[in-house]
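Just below is one structure, and these are the notes that go with it.
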Amino acid sequence: MEASEILKQFSDVWELRHEYAKDWKRRTGGKVVGCMCTYAPEEVLYAADTLPIRILGGHEPPTLATPHMFDMWCPFSRDCLNQGLKGKYNDYLDGIMETNACLHMRQAFGAWVIHVPTPWNYWFVMPNAVRSPRAKTFLHGELADFKKALEKWAGKTITNKDLDRGIDIMNTSRRLMKQVYEFRKQDNPPITGTEAMTMVWASQLMDKREHSELLKQLLQALPKRKLNRNTGVRLMSVGSENDDRPFMEMVESIGGTFVIEDHCTGSRYFWDEVVPNKDRLQAIANRYCDRIPCPNKDWGIEDCSRVRFPHILQLARDYRVQGAILIQQKFCDPHELDIPSLRRYLEDNGIPCYFLEFEVTVPVGQFRVRVEAFMEQIKAEELFA
Amino acid sequence: MAKYKTKGLDCWGRAKELRMKYYQDYMEAHKRGALRWEGGAWSFDAIPQALEGEVHVLTEEPYGASVGANPELQVKYQEAAEGKWGCARDLCAYLRNYWGSIVLNEFAFGGEWPKADFIFQNHICCSHAKWLQVASEMEGGDIPFFCFDVGVGAFDKIGERQINYVMEQLYDGIEFVERVTGRKVDDEKLIQNVYNTYDSACYWAKTCALNQAIPAPLDEKTMFSLYVLGTLEKSNKDIAHFYKNELYPEVKDRVANKIAAVGDEQCRMLGDSQPPWGFLRIFRYLEKYGVVSIASLYTFSLIGWWEIDDKGKVVPYPTLEEQGITIKDRDHALRLLTEGELKGKLMWAPFYGAKYKNDIVTKIAKQWKCDAAIIHLNRGCEGTAQHQMEMKIALQNMRLPVMTFEGNMADEREFDEGRTTRLIDLFVTETLGLKKVAD
């Protein structure tokens, strides 16, 4: 298959996510579990033969969510709840879980379990102090409790072999996506930022075994792919959830290319693998504590440093980024708390930044003018450098 | 002629004195060779306060609230945080007041911003650790920073694993404060601080429980000025003494003698979240209709410890005396402190779902005999504003009339006083059918 055909399949899954999940259930007879955040230990969900899917918004005004979450809560979380209240998941979602995420997603989950008919729900206590030496032990215990609850609900004993399979499914997916991302380092990447992120979104919505099969084919096809476009300004986007495809397409149609990003719907989701350990649950716990954190969990126990900032800078260098667009979902505190510092940090290290505040619906026309101006500024700096 | 006798609290002046002394001590600490540290109102102050020698703390939220009570100052500080530091204006309003103070190098109680010697923070809401992470950065990044995680689950899910996780972090915290200050944590002081913390948290809850009486001996506007001491330094012996030996006996006496907070009490109101601090006069406005705000999860449990008894009632958490416990050593002290905070602070339960908040708040509404609820949809604090709309639905389902108004606890730019008083007029007269009892 050609790369474009494979990428089209990812795009179809993203657009027809509910149809995909229903079809998966028909084919496998398995249960589908919605995850409100990327801290859900999908390894254990796969070990239980369930399908973990990320609950995402629909980019529609969240009118049904308003009586449950007033409008100071982030539009993404309200959009997610809105999708549930609209009944988009009614036909197939068997369970839903929360993972001590930001307060916004907690609101959405809180209202969801009351108003959206979902047979099973679980609150997974992911520790906040992920850099504390104590967190990994605590998380091991939490994973053990989760495994037990899942076994009871799914009616299946989860063995070490099952956990190995879950870890392998997740690690394979992570490794393959990282290999695809390598192509983005090229002078003229054979994959756009929009396509790359659509691939990641699809990985959060479909069975990773099927996704990985497509990734393997994509890795074969990409070396032969030539895009009939100029790469232009090499951009990076940084922020929380981002599946704003019209925005990304717009930027990539006016002389820019997103060559890398740091989002929980992008590289931050899959960057780190589980390192095998005889104690499988401990291995999983270690991965979730050591992964590139959400800003909410990015603080030192004994210092005020962050680990995400040097990681972002390294990405910017590895992918030869000329400018970063800092995307903030309105009211998203974890990112709002980091953005002024991140902006200073990147600019001090020679990466120009531009800040955009996103809502459920994106004012693409206004943003076009602003991003054009930002890219012109970058190009002008190069001209006179 | 008022329906009930009323009078001011005899211990009111003492509460004011303790609060002013707290800020004064913090400002002057270095002149006296004392240490000073920053942390949250929910930090376990018993630990750093047990360091040898004199130690003073500045808790971040009460400071933000103090600024919030002064509309002109709050705008100045927020504009500094937003304009000079570059943060979003929808972040926690207390935090912006705090950051703005640092940016302007100005302390709301006078003088320059008093830089702390170290930070001892806790984390449960998205902003806690980040608040002082950035504050430390603003002040040059050289303030030693320690933060521990208390987000381990709701009160009914607390077992050994949860307690051990927090306790282990507290041991790390002790090691940290000793290392960065060069002083030792004195176990005798630590044990006394834990006794004091229990007294502050349990006697504040007992005092709130007395408000089930009709007429209510306290109104929420007054209670705000009383619970604040526990947010400043709940392990302090004078503060613990105030709750146990001054406030509680006096309020008990008021109940026995039917002394009301508001003489014309005719409607008992349930509240939620922090009020708009610069506009507390809306509570006085309510009193013109005989409406008294007497209960809220926020006011009861921001520092108060509670439990749900066998009959499903919200009751004060037992004191150590009532439990027959004598603290033996450091480990025992840390365990009791952790247990009290994790099991007793019902205010933390909504962090784990709307059902917790609905359950506790509907219980409070029944037990405290509330006739209606006015909910401040607080755009300034996500932690306390969690599940407010779900709570509204739950209260309405128990047939309690509910009014909501949007505002911000410490950002006057997000509060419309005229609109709110108009809403109150409509709610009180049309929905509740009340008439003014005073002008």
Side-chain angles (χ1 to χ4, degrees), chain A residues 65-73 98 100-104 106-107 109-115 121 123 125-130 132-135 137-138 141-142 145 295-306 328 330-341 343-344 355 357, chain B residues 85-88 90-92 95 119 123-127 129-137 141 143-154 157 161-162 164-166 168-169 172 176 350-358 377-379 382-383 385-390 392-393 404 406:
Chain A
T66 303
H68 306 279
M69 294 170 75
F70 69 104
D71 64 7
M72 80 151 180
W73 300 99
E98 224 297 320
N100 256 8
C102 61
L103 299 189
H104 304 265
R106 294 183 192 207
Q107 302 295 292
F109 180 81
W112 187 298
V113 299
I114 294 174
H115 301 287
N121 68 76
W123 192 290
V125 182
M126 176 68 208
N128 294 305
V130 289
S132 163
R134 316 300 176 183
T137 312
F138 176 76
E142 192 64 26
D145 285 354
N296 196 22
K297 300 184 194 301
D298 193 8
W299 38 275
I301 303 307
E302 292 206 8
D303 61 57
C304 64
S305 69
R306 298 174 183 83
Q328 181 211 305
K330 193 172 185 180
F331 301 119
C332 170
D333 308 70
H335 283 269
E336 286 177 348
L337 289 157
D338 262 4
I339 281 174
S341 308
R343 185 178 187 146
R344 286 172 173 83
F355 170 81
E357 184 179 81
Chain B
W85 180 250
C87 71
D90 52 72
L91 278 173
C92 166
L95 171 148
I119 289 164
H123 188 86
I124 189 166
C125 129
C126 295
S127 301
K130 309 296 286 185
W131 181 326
L132 294 183
Q133 178 185 50
V134 173
S136 168
E137 214 171 84
I143 305 177
F145 174 97
F146 180 84
C147 185
F148 62 100
D149 181 12
V150 292
V152 294
K157 300 278 191 296
R161 184 164 62 80
Q162 288 75 11
N164 287 341
Y165 172 50
V166 175
E168 285 166 359
Q169 293 178 80
D172 293 341
F176 164 83
F351 284 98
Y352 309 99
K355 284 184 173 174
Y356 281 112
K357 188 161 188 179
N358 290 354
L377 302 176
N378 183 1
R379 299 177 72 93
E382 282 154 15
Q386 285 183 98
H387 312 298
Q388 286 192 307
M389 298 301 277
E390 283 305 323
K392 176 191 171 202
I393 295 168
T404 61
E406 276 197 39

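In what follows, every chain begins at residue 1, and chains take the letters A, B, ... in the order their sequences are listed. All of these numbers come straight from a predicted model, not from anything done at the bench.
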Item to check | Top contributor to chain A contacts, counting heavy-atom pairs under 4.5 Å, from B/Lys392, B/Gln169, B/His387, B/Gln388 | outcome: B/His387
Checklist entry - Less than 4.0 Å between a side-chain N and a carboxylate O, is that true for B/Glu390 and B/Lys357? => result no
Checklist entry - In terms of heavy-atom proximity below 4.5 Å to chain B, should A/Phe331 be classed as side chain, backbone, both, or neither? => result both
Checklist entry - Do B/Glu406 and A/Asp71 have side-chain heavy atoms sitting under 4.5 Å apart? => result yes
Item to check | Part of A/Asn100 within contact of chain B (heavy atom distance under 4.5 Å) | outcome: side chain
Item to check | Engaged part of A/Pro127 at the chain B interface, taking heavy atoms whose separation is under 4.5 Å | outcome: both
Next on the checklist: If I measure from the heavy atoms of chain A, does B/Gln162 come under 4.5 Å with its side chain, its backbone, both, or neither?
Outcome noted: both
Checklist outcome for this item: Most heavy-atom pairs under 4.5 Å with chain B, out of A/Ala135, A/Pro334, A/Ser132, A/Cys332, belong to A/Ala135
Checklist entry - Under a 4.5 Å heavy-atom cut-off, does chain B meet the side chain of A/Pro295, its backbone, both or neither? => result both
Next on the checklist: Is any side-chain heavy atom of B/Ile119 closer than 4.5 Å to one of A/Cys304?
Outcome noted: no
Item to check | Side chain / backbone / both / neither for A/Trp123 at chain B, heavy atoms under 4.5 Å | outcome: side chain
Checklist entry - Which heavy atom of B/Gly86 sits nearest a heavy atom of A/Pro340, and at what distance? => result O-CG, 3.6 Å
Item to check | Nearest heavy-atom neighbours spanning A/Ser341 and A/Arg306 | outcome: OG-NH2, 3.5 Å
Checklist outcome for this item: In terms of heavy-atom contacts, A/His68 and A/Ala111 come closest through CB-CB, 4.0 Å
Checklist entry - What residue, out of A/Pro133, A/Gly110, A/Cys102, A/Ala129, has the most heavy-atom pairs lying under 4.5 Å from chain B? => result A/Ala129
Checklist outcome for this item: Cut-off 4.5 Å, heavy atoms of chain A, and the answer for B/Asn378 is backbone
Next on the checklist: Please classify the contact between B/Leu132 and chain A as side chain, backbone, both or neither, with a heavy-atom cut-off of under 4.5 Å.
Outcome noted: neither
Next on the checklist: Can you give me the closest heavy-atom contact between A/Lys297 and A/Asn128, atom names plus distance?
Outcome noted: NZ-OD1, 3.3 Å
Checklist entry - Does any heavy atom of chain A fall under 4.5 Å from the side chain of B/Ala154, the backbone, both, or neither of them? => result neither
Next on the checklist: Looking at chain A, which one of B/Gly383, B/Gly353, B/Cys147 has the largest number of heavy-atom pairs inside 4.5 Å, strictly under?
Outcome noted: B/Cys147
Checklist entry - Under a 4.5 Å heavy-atom cutoff, which of B/Ser136, B/Cys92, B/Ala385, B/Gly153 has the most pairs with chain A? => result B/Ala385
Checklist outcome for this item: CG (A/Asp333) and NE2 (A/His104) are apart, to the nearest 0.5 Å, by 4.0 Å
Checklist outcome for this item: Scored by heavy-atom pairs under 4.5 Å with chain A, the best of B/Glu382, B/Glu168, B/Glu137, B/Arg379 is B/Glu382
Next on the checklist: Quick test of your reading of the model: are A/Glu142 and B/Arg161 salt-bridged, counting only N-O distances below 4.0 Å?
Outcome noted: yes
Next on the checklist: As an exercise: rank B/Val152, B/Val134, B/Asp90 by heavy-atom pairs under 4.5 Å with chain A and give me the winner.
Outcome noted: B/Asp90
Checklist outcome for this item: Note: vs chain B, highest number of non-hydrogen pairs under 4.5 angstrom among A/Ile339, A/Thr137, A/Asp338 is A/Asp338
Checklist entry - Which heavy atom of A/Leu103 sits nearest a heavy atom of B/Gln386, and at what distance? => result CD2-OE1, 3.8 Å
Item to check | Portion of A/Ser305 that has a non-hydrogen atom of chain B nearer than 4.5 angstrom | outcome: backbone
Next on the checklist: I need the residue from B/Phe148, B/Phe146, B/Tyr352 with the largest number of non-hydrogen atom pairs under 4.5 Å to chain A.
Outcome noted: B/Tyr352
Checklist entry - Does a side-chain heavy-atom distance below 4.5 Å link A/Gln107 with B/Met389? => result no
Next on the checklist: Both conditions, 6.0 Å and 45 degrees, for the charged tip of A/Arg106 above the ring of A/Trp73: are they met here?
Outcome noted: no
Checklist outcome for this item: Between B/Phe351 and B/Ile124 the two heavy atoms that sit nearest each other are CD1-CD1, 3.8 Å
Item to check | Atom group of A/Ile301 that falls short of 4.5 Å from chain B, counting heavy atoms | outcome: both
Checklist entry - Which one of A/Val113, A/Asp145, A/Asp303 has the most heavy-atom pairs closer than 4.5 Å to chain B? => result A/Asp303
Checklist entry - If you measure from the Lys or Arg side-chain nitrogens to the Asp or Glu carboxylate oxygens, is any gap between A/Asp298 and B/Lys130 under 4.0 Å? => result no
Next on the checklist: Less than 4.5 Å to any heavy atom of chain B: does that hold for the side chain of A/Arg343, its backbone, both, or neither?
Outcome noted: neither
Checklist outcome for this item: Honestly, the part of B/Ile393 sitting under 4.5 Å from a heavy atom of chain A is side chain
